[in-house]
Amino acid sequence: MLGPVLLAYSLLLLYAVLYGPFPALVPLGSPTAYRNLYIHVPQSIAALLMALISFFAALWFLKKRGTKSRSLMHKSAVLAAAFSWLSFITGTVWAQESWGSAWSGDPRQLSVAVMAVLYTGYIILRRGVEDPDRADRVSAAYLALAFVSVPITLIAPVLIPALHPPPGTLAELAAPIRAIYIAVLLALLTAAALILAGFEAKTAWGVAAMLILFAAAVLVLMPYSQPVYRVYNATISGSAVTAITNGGVLTIPVEKITLRPLEINGKSTLAGHLITKDGVVVTHWSVAVNLLVTGAALLILTRLSNREI
């Protein structure tokens with residue numbers, strides 16, 4: 001059951017990054033880079049939920065020690081570490097384009113990095129304590145303390161000036177964007193829940209899911225085999241679009257531009273985009289990088305599901 005869910009997740013991502021809608025106007029960078037939303041944000045939510053589950057499982061274990069609470073505590077903590085690193089990496093790749101810098105000191109970016117280190121520290125801690133009973137007790141206490149990083153991550157953009165949007169911003173997105181995002185999120189959370197419940201997936205499923213995302217990355221990168229230009233501004237004159245780019249001025253027939261609408265309230269929606277000389281809008285390369293990272297992570301998840309983590 002876990003294998004098909006991971007495959008469904010990868011197919012949803014493939015559709016999202018190739019055909020998913022994106023904001024028409026963005027403050028910085030390429031609008032198509034916002035297709036990273038379908039990749040990065042569900043992973044971030046999964047990291048927070050796994051940390052929350054590990055916290056309650058740790059309290060459960062400390063109160064009433066048992067194999068079920070121990071297993072849930074351990075699996076959720078390992079998944080919290082995995083998803084935190086995945087969230088941090090995919091977010092950093094996206095930030096390079098949309099914030100102008102991969103690392104900007106954004107409070108949520110910093111707090112997610114701390115989360116990743118803390119939950120990785122849990123894994124190291126368990127391996128460092130030889131006595132199994134003592135390792136369980138110490139690990140549970142550690143997880144209860146490590147959970148403080150979760151509320152900090154949630155409220156950081158509210159309390160401190162941040163580039164990350166505050167909580168609730170996703171509700172303001174257009175309905176088609178939200179629909180695809182929710183579908184991807186549910187698929188990922190279902191996969192995580194199945195791993196917590198003890199379901200396994202053969203490595204072949206992980207390989208198939210990884211190959212789908214790798215293929216999607218190749219499709220995103222294919223247009224880069226020819227010169228690609230960054231549009232700084234564009235105007236419509238009759239049946240042609242005049243685009244000012246980093247490679248000079250391009251004049252392209254309107255019907256060849258693969259973007260609609262071309263203007264909103266007098267503002268060019270082509271600004272910030274990457275295009276070929278023929279007017280084909282190219283999805284930003286950061287999306288392909290994050291697909292590759294996520295594909296590798298899916299393979300790792302299938303391997304983890306087949307061993308006591």
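Side chains included, hydrogens not; waters and symmetry mates left out as well; all remaining heavy atoms used. Predicted model only: the values in this text are computed from it and were never measured.
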Steps toward side-chain contact (heavy atoms from CB on, under 4.5 Å) verdict (T302, L6): CA-CA 9 Å; T302 57; L6 290 175; 3.3 Å; yes
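- Between the S54 side chain and the A51 main chain, a donor and an acceptor come within less than 3.5 Å of each other.
- L299 and I195 are not part of a single hydrophobic cluster, where members link through side-chain heavy atoms under 4.5 Å apart.
- Counting heavy atoms from C-beta outward, L12 and I180 have side chains that stay 4.5 Å or more apart.
- If you take CD1 on I39 and CG on L188, they are separated by 11.5 Å, rounding to the nearest 0.5 Å.
- Note that CG of L118 and CG of L145 are 10.0 Å apart. Values are rounded to the nearest 0.5 Å.
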Worked verdict on T269 versus E263 for side chain to side chain donor-acceptor pair (under 3.5 Å): CA-CA 5 Å; T269 59; E263 284 187 341; over 6 Å; no
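- Listed for the N246 side chain is a donor-acceptor partner under 3.5 Å among the backbone atoms of R230.
- When all heavy atoms are compared, the tightest approach of S10 to L213 is O-CD2, 3.5 Å.
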Between L2 and W205, is the side-chain contact (heavy atoms from CB on, under 4.5 Å) condition met? List the steps. CA-CA 9 Å; L2 174 60; W205 285 106; over 6 Å; no
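- Contact annotation: the side chain of V241 never approaches that of T235 to less than 4.5 Å [non-hydrogen atoms, C-beta and beyond].
- In this structure, G100 and L28 approach most closely via the heavy-atom pair N-CD2, 3.7 Å.
- Side-chain atoms of T245 come within 3.5 Å of backbone N or O of G248 as a donor-acceptor pair.
- No continuous path of ILVMFWY side-chain contacts below 4.5 Å connects L211 to L14, so the two sit in separate hydrophobic clusters.
- Of the possible donor and acceptor atoms, one in the side chain of Y224 sits under 3.5 Å from a partner among the backbone N and O of W285.
- Counting only distance, with no hydrogens or angles, the side chain of S139 and the backbone of D136 share no donor-acceptor pair below 3.5 Å.
- For the residue pair Q96 / S286, no side-chain donor-acceptor distance below 3.5 Å is found, with atom types taken as modelled.
- Side-chain atoms of S239 and E255 form no donor-acceptor pair, as typed in the model, at a separation below 3.5 Å.
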Run the side chain to side chain donor-acceptor pair (under 3.5 Å) check on T90 and N36 step by step: do they pass? CA-CA 8 Å; T90 57; N36 281 303; over 6 Å; no
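- Here D278 does not pair with K256 in a salt bridge; the nearest charged N to carboxylate O distance is not below 4.0 Å.
- For P223 against V282, the heavy-atom pair with the smallest separation is CB-CG2, 3.8 Å.
- Side-chain N or O atoms of S76 include one that pairs as donor or acceptor with a backbone N or O of M73 at under 3.5 Å.
- Here the CG-CD1 distance, from L262 to I236, works out to 4.5 Å after rounding to the nearest 0.5 Å.
- Between the side chains of S44 and S87, at least one donor N or O lies within less than 3.5 Å of an accepting N or O.
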Given the rule in the side-chain contact (heavy atoms from CB on, under 4.5 Å) test, do L52 and L48 qualify, once you have shown the distances and angles that lead to the verdict? CA-CA 6 Å; L52 178 64; L48 294 170; over 6 Å; no
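- Looking at S104, its side chain never comes within 3.5 Å of a backbone N or O of S101 through a donor-acceptor pair.
- Inter-residue side-chain proximity for V184 and Y9 is flagged as met; some heavy-atom pair is nearer than 4.5 Å.
- Checked against the 6.0 Å centroid criterion, the rings of H284 and Y34 do not qualify as a close aromatic pair.
- Contact check for V293 versus V93: no side-chain heavy atoms found under the 4.5 Å cut-off.
- One hydrophobic cluster holds both L270 and V254 under the rule that ILVMFWY side chains link at heavy-atom gaps under 4.5 Å.
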Do W99 and Q109 pass the side-chain contact (heavy atoms from CB on, under 4.5 Å) test, and can you show the C-alpha distance, the side-chain angles, and the key distance before you say yes or no? CA-CA 12 Å; W99 294 348; Q109 188 180 28; 4.1 Å; yes
Apply side chain to side chain donor-acceptor pair (under 3.5 Å) to residues T153 and S111 and explain how you reach the verdict. CA-CA 5 Å; T153 298; S111 62; 3.2 Å; yes
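- The closest donor-acceptor contact from the side chain of D106 to the backbone of L163 lies under 3.5 Å.
- For CZ of R260, the number of neighbouring non-hydrogen atoms (other residues, nucleotides, ligands) closer than 6.0 Å is greater than 12.
- No salt bridge links D133 with R65; every basic N to acidic carboxylate O contact stays at or beyond 4.0 Å.
- In this structure, A288 and V220 approach most closely via the heavy-atom pair CB-CG1, 3.9 Å.
- A heavy-atom distance below 4.5 Å is found between the side chains of L110 and W103.
- If you chain together hydrophobic residues whose side chains sit under 4.5 Å apart, Y19 and I177 fall into the same group.
- For the pair Y38 and L13, the minimum side-chain heavy-atom distance is below 4.5 Å.
- Here CG of L125 is found 8.5 Å from OH of Y122. Values are rounded to the nearest 0.5 Å.
- Summarising the geometry of G272 relative to P31, their closest heavy-atom pair is C-CD, 4.0 Å, with the distance given to 0.1 Å.
- Linking Ile, Leu, Val, Met, Phe, Trp and Tyr whenever their side-chain heavy atoms come within less than 4.5 Å puts V228 and L221 in one cluster.
- Closest approach of F61 and R137 over heavy atoms only: CE2-N, 4.1 Å.
- Distance alone, capped at 3.5 Å, is enough to place a donor-acceptor pair between the T258 side chain and the V281 backbone.
- Looking only at side-chain heavy atoms (C-beta outward), L72 and W60 come within less than 4.5 Å of each other.
- Here the CZ atom belonging to F147 is positioned 6.5 Å from the OH atom belonging to Y119, to the nearest 0.5 angstrom.
- When the shell of 6.0 Å around CZ of F214 is examined, it contains more than 12 heavy atoms from other residues, nucleotides or ligands.
- Taking 4.5 Å as the limit, some side-chain heavy atom of N233 sits within range of a side-chain heavy atom of S268.
- Here the straight-line distance linking atom NZ of K75 with atom CZ of R70 works out to 10.5 Å at 0.5 Å rounding.
- Below 30°, between 30° and 60°, or above 60°: for F88 and W85 the angle between ring planes is above 60°, a perpendicular geometry.
- T276 contributes a side-chain N or O that, together with a main-chain N or O of V280, makes up a donor-acceptor pair within less than 3.5 Å.
- The pair R35-E97 does not meet the salt-bridge criterion, since no charged nitrogen lies less than 4.0 angstrom from a carboxylate oxygen.
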